[in-house]
Peer 1: 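Pasting a structure here, questions to come.
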Amino acid sequence: MLNIEHLTKTYGDKTAVDDLSVRILPGEIYGFIGHNGAGKTTTIKACCGIIPFDGGSIRINGVSVAEDPLSCKRILAYLPDNPDIYEFMTGAQYLNFIADVFSIGRQERATLIKKYGDAFELTADLAQPVSSYSHGMKQKLAIISALIHSPKLVIMDEPFVGLDPIAAHTLKQIMREICAAGGAIFFSTHVLEVAEKLCDKVAIIKEGKLIRSGTMDEVRGDASLESVFLELEDRD
Amino acid sequence: MFRALLKTQLLSVITSLTGGSGKKRRSRGAVLGLAALYLFMFANFFIVFGNLFTSIGYSVGGTGYEWLFYTVMGLMSCLLMFIGSVFSAQAQLYSGKDNDLLLSLPIPRGYILLSRMLTLWLYTAVWGMTVIVPAGVCAFKLMAPDARTAVFFILSAAVLPFLVTAVSCVFGWLLSLVTGKARNKSVITTVFALVFMVVYVGFYSSLNGVITRIATETEQTAETLEKYTRLMTAMGKGIAGDSIPSFAVFLAFSVAVSAVIFTVISKTYFRLITRTATGKRHKFSEKMIRSGSAGRALLGRECLRFVRSPGYMLNCGTGMILTVVFAVLMIIKPELVFSMQSVLGFGVPPEVIAVAVIVLLNSVSPMTAPSVSIEGKTLWIVRSMPVSSRRLLGVKLLFGVILQGGISALAGLVCAVRFKILFSAAGVFTVVLPVIFSVFFSALGLILGLKFPRLDWLSENEIFKHGPAITLSMFAGLAVCMAAFIPYVAGVRNVMSCGAYFACVSAALAAVSAAMCAVIFRFGTKRFEEVG
């Protein structure tokens, strides 16, 4: 589904991502963890075609993100860590906008908006301007907008930040549903317990380099993910 | 602590000129170019006001009415400072995106307000200096002021911006109170601004009338100003040495008013900046789920953003609203244009004047110049969607052309009908030329917006007031407007018919517009992908 090979991205003298290779198969929930400034967001943005990269390749279902970004973007959904959304729109207007760009028919979008709106308990607020939403509500709206076009690959940057426990639980269920239907999820998180329970595979990145990756059992062995992560971070 | 706050505010202004730090920083050449442009702009102001005050200086010097000079200086500078700051006061004081951050820190609330007011003061003072400096130079040369006059003059130059800033803040405060719970803030703000501008223009016209009579009716002018502008008269008499107690009154009044306004505003400041803008709560229904094409959605987004943003509408839409006003005036009072003929020369056809006015109003509505910067932190949305940069830029361009071109075409059509030239070449181009100018101006604005993007703004004000794209856009638009019409007024009308001239200008503008559109779609798309 998502194939990152030897990805390299530099900002001036700093190498944000250094020769990173990750492969995500359909049906997998893939966690991406690392310290602050490790290169997670850069990797994620490069996968979504938001920023260019200096080396390597990123392919989504065999299509190169660099060569044909629009085709890739049609099947993926991106959720940033801090979803700034158009405050001049209402929730409903924003969802209509996203659905229009993705050419989702009226009946289908109505069904999905109702489904996800009810799941995240946001339906009643969709008529209000986004400017009146709390951070968590904006997060929920961003999630709904990401799901409304039934993406095959969902890429999320710290998606659980700002979500209440019910919404976080709902999101986890939806992630499993997407994967059960043949999609894939690639997300970064600092909450290692969530990664441990949810992810099929995990990659740990440090200072732009991949230092460990594999299935959850392969990576953590008999220890907890937290202790493995701390040990790897301490090694230098 | 206060210094740190003020430093942050000023850094934001500097960043808008330099582009920021690191990769975002503009080249030295670009910064110098911008600085040179601003200097050129101010130099023109200096020349205009220098000529005005030279004329007044010669009229009143040695007559015992020297105070008139300083009173007029005070009035003109206040008017210019006020119009330069009043529309940004509300955004500057109340709409900062760092409100929550600052309120969470151990900073007295009054410091937050004061630091923002001082930034506004700085901006106001810069505008004030365009009048005060040339007035000072003229006073020095023509009226041989003594040391006391010089000291009082400098004190006035420092105090006037404070007074104007305080009054602007009152307007910003009122606007914030009125629009607080309103759903359609932009419309209310724009109506407010239009009403204000009508009053302002009326006052300015009256003042202009008074100033033109200084030379011929000095005594009567002095009586009029003394009667209606007591504060400025007190200042003027104080500086001229006629009445030192008057100057003390002026100083005390200005300081007292500023202090009172600050106190009143600071009492409601916390409530206003933490107020949640909810307004009436609407109930969601399935009818709100509508479908349309991607193109319509993108265009609708541009339109909605413009209509819902008070700053955008006010700073970039006022010219278009005035174009509509002009069109209405052409219906009910076409003799307005004929009166302009008497100033320019009766050989200038009314349609030339009308088209020049429409084009001029167009050039103060830089719709597309802020359209890249205003994406701000929401740029990720369109970047992550299956929409090409080419399409996005095309929509931004189209929005500017539809709105400005549409309104200009309507105004042109009204003029063509009113002047009974609709079925002539001149009549056709009275409609076509403003539309072509809209295309040119929209393309120019977008190119400048791509060249000088600013995505990390905390307040929209930073784009509209401190962003070079808008200033350059308007400047270039005005320059093209003058280049298009001055030759005809100056003499080309003697060798070429109006229709033929309009056709030539339209062709030239169309060619330049086509080239600019090619630049946008060829190089602009790559630039857009690099922005942010």
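Below, read A as the first sequence line, B as the second, and so on, with proteins coming before strands; counting in each chain starts at 1.
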Peer 1: Just wondering, do I98(A) and I381(B) contact through their side chains at under 4.5 Å, heavy atoms?
Peer 2: yes
Peer 1: Please look at S293(B) and chain A and tell me whether the side chain, the backbone, both or neither of the residue comes under 4.5 angstrom of a heavy atom of that chain.
Peer 2: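 Answer is backbone: N, CA, C or O of S293(B) sit under 4.5 Å from chain A.
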Peer 1: Distance check, rounded to the nearest 0.5 Å: K377(B) atom NZ versus E87(A) atom CD?
Peer 2: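 These two atoms lie 11.5 Å from each other.
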Peer 1: For the NE2 atom on H135(A), are there more than 12 heavy atoms of other groups (residues, nucleotides or ligands in this structure) within a distance under 6.0 Å?
Peer 2: yes
Peer 1: Okay, side chain of R106(A), backbone of I289(B): is any donor-acceptor separation there less than 3.5 Å?
Peer 2: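 Side chain of R106(A) to backbone of I289(B): a pair is present.
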Peer 1: Relative to chain B, which segment of I155(A) carries a heavy atom at a distance below 4.5 Å: side chain, backbone, both, or neither?
Peer 2: neither
Peer 1: Should we say atom CZ of R23(A) is surrounded by more than 12 heavy atoms from elsewhere, each under 6.0 Å from it?
Peer 2: no
Peer 1: What are the two closest heavy atoms between R290(B) and R109(A), and how far apart are they?
Peer 2: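 Scanning both residues completely, I find the closest heavy atoms to be O-NH1, 2.5 Å.
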Peer 1: Go through the steps to decide whether K73(A) and V387(B) satisfy the test side chain to side chain contact (heavy atoms under 4.5 Å, CB included), and finish with yes or no.
Peer 2: CA-CA 9 Å; K73(A) 288 174 186 177; V387(B) 180; over 6 Å; no
Peer 1: Of the backbone (N, CA, C, O) and the side chain (C-beta and beyond), which part of P69(A) lies under 4.5 Å from a heavy atom of chain B, both, or neither?
Peer 2: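 Contact with chain B involves no heavy atom of P69(A) at all.
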Peer 1: Show the numbers, then the answer: is there a side chain to side chain contact (heavy atoms under 4.5 Å, CB included) between S291(B) and D100(A)?
Peer 2: CA-CA 6 Å; S291(B) 72; D100(A) 282 342; 4.1 Å; yes
Peer 1: Are the side chain of W380(B) and the backbone N or O of D84(A) linked by a donor-acceptor pair below 3.5 Å?
Peer 2: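 Yes, because the side chain of W380(B) sits within donor-acceptor range (under 3.5 Å) of the backbone of D84(A).
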Peer 1: What pair of heavy atoms forms the shortest contact from A92(A) to F284(B), and how long is it?
Peer 2: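 Taking A92(A) first and F284(B) second, the nearest heavy atoms are CB-CE1, 4.0 Å.
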Peer 1: With a sphere of 6.0 Å drawn around NZ of K138(A), does it hold more than 12 non-hydrogen atoms of other residues, nucleotides or ligands?
Peer 2: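 More than 12 heavy atoms, drawn from other residues, nucleotides or ligands, come within 6.0 Å of this atom.
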Peer 1: Flag the pair Y86(A) / L304(B) as yes when at least one side-chain heavy-atom distance between them is below 4.5 Å, and no otherwise.
Peer 2: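 Answer no - side chains too far apart.
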Peer 1: Please classify the contact of L298(B) with chain A as side chain, backbone, both or neither, using a heavy-atom distance under 4.5 Å.
Peer 2: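 For L298(B), the contact with chain A is made by backbone and side chain together.
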Peer 1: Given a strict heavy-atom distance threshold of 4.5 Å, which part of I50(A) is in contact with chain B: side chain, backbone, both, or neither?
Peer 2: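 Answer is both: backbone and side chain atoms of I50(A) are under 4.5 Å from chain B.
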Peer 1: Is chain B contacted by the side chain of S103(A), its backbone, both, or neither, given a heavy-atom distance below 4.5 Å?
Peer 2: neither
Peer 1: Is there a donor-acceptor pair closer than 3.5 Å between any side-chain N or O of K283(B) and the backbone N or O of A127(A)?
Peer 2: no
Peer 1: Should we say atom CD1 of I166(A) is surrounded by more than 12 heavy atoms from elsewhere, each under 6.0 Å from it?
Peer 2: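 Counting neighbours around CD1 of I166(A), 12 or fewer heavy atoms of other residues, nucleotides or ligands fall under 6.0 Å, so no.
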Peer 1: Heavy-atom pairs under 4.5 Å with chain B - which of S145(A), G49(A), P80(A), G105(A) has more of them than the others?
Peer 2: P80(A)
Peer 1: What's the separation between atom OG1 in T378(B) and atom CZ in F88(A), rounded to the nearest 0.5 Å?
Peer 2: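 So the gap between those two atoms works out to 6.5 Å.
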Peer 1: Under a 4.5 Å heavy-atom cut-off, does chain B meet the side chain of A110(A), its backbone, both or neither?
Peer 2: both
Peer 1: Please identify, among L95(A), I85(A), I104(A), the residue contributing the most non-hydrogen atom pairs under 4.5 Å to chain B.
Peer 2: I85(A)
Peer 1: Considering only heavy atoms from C-beta outward, does the side chain of M89(A) approach that of R301(B) to under 4.5 Å?
Peer 2: yes
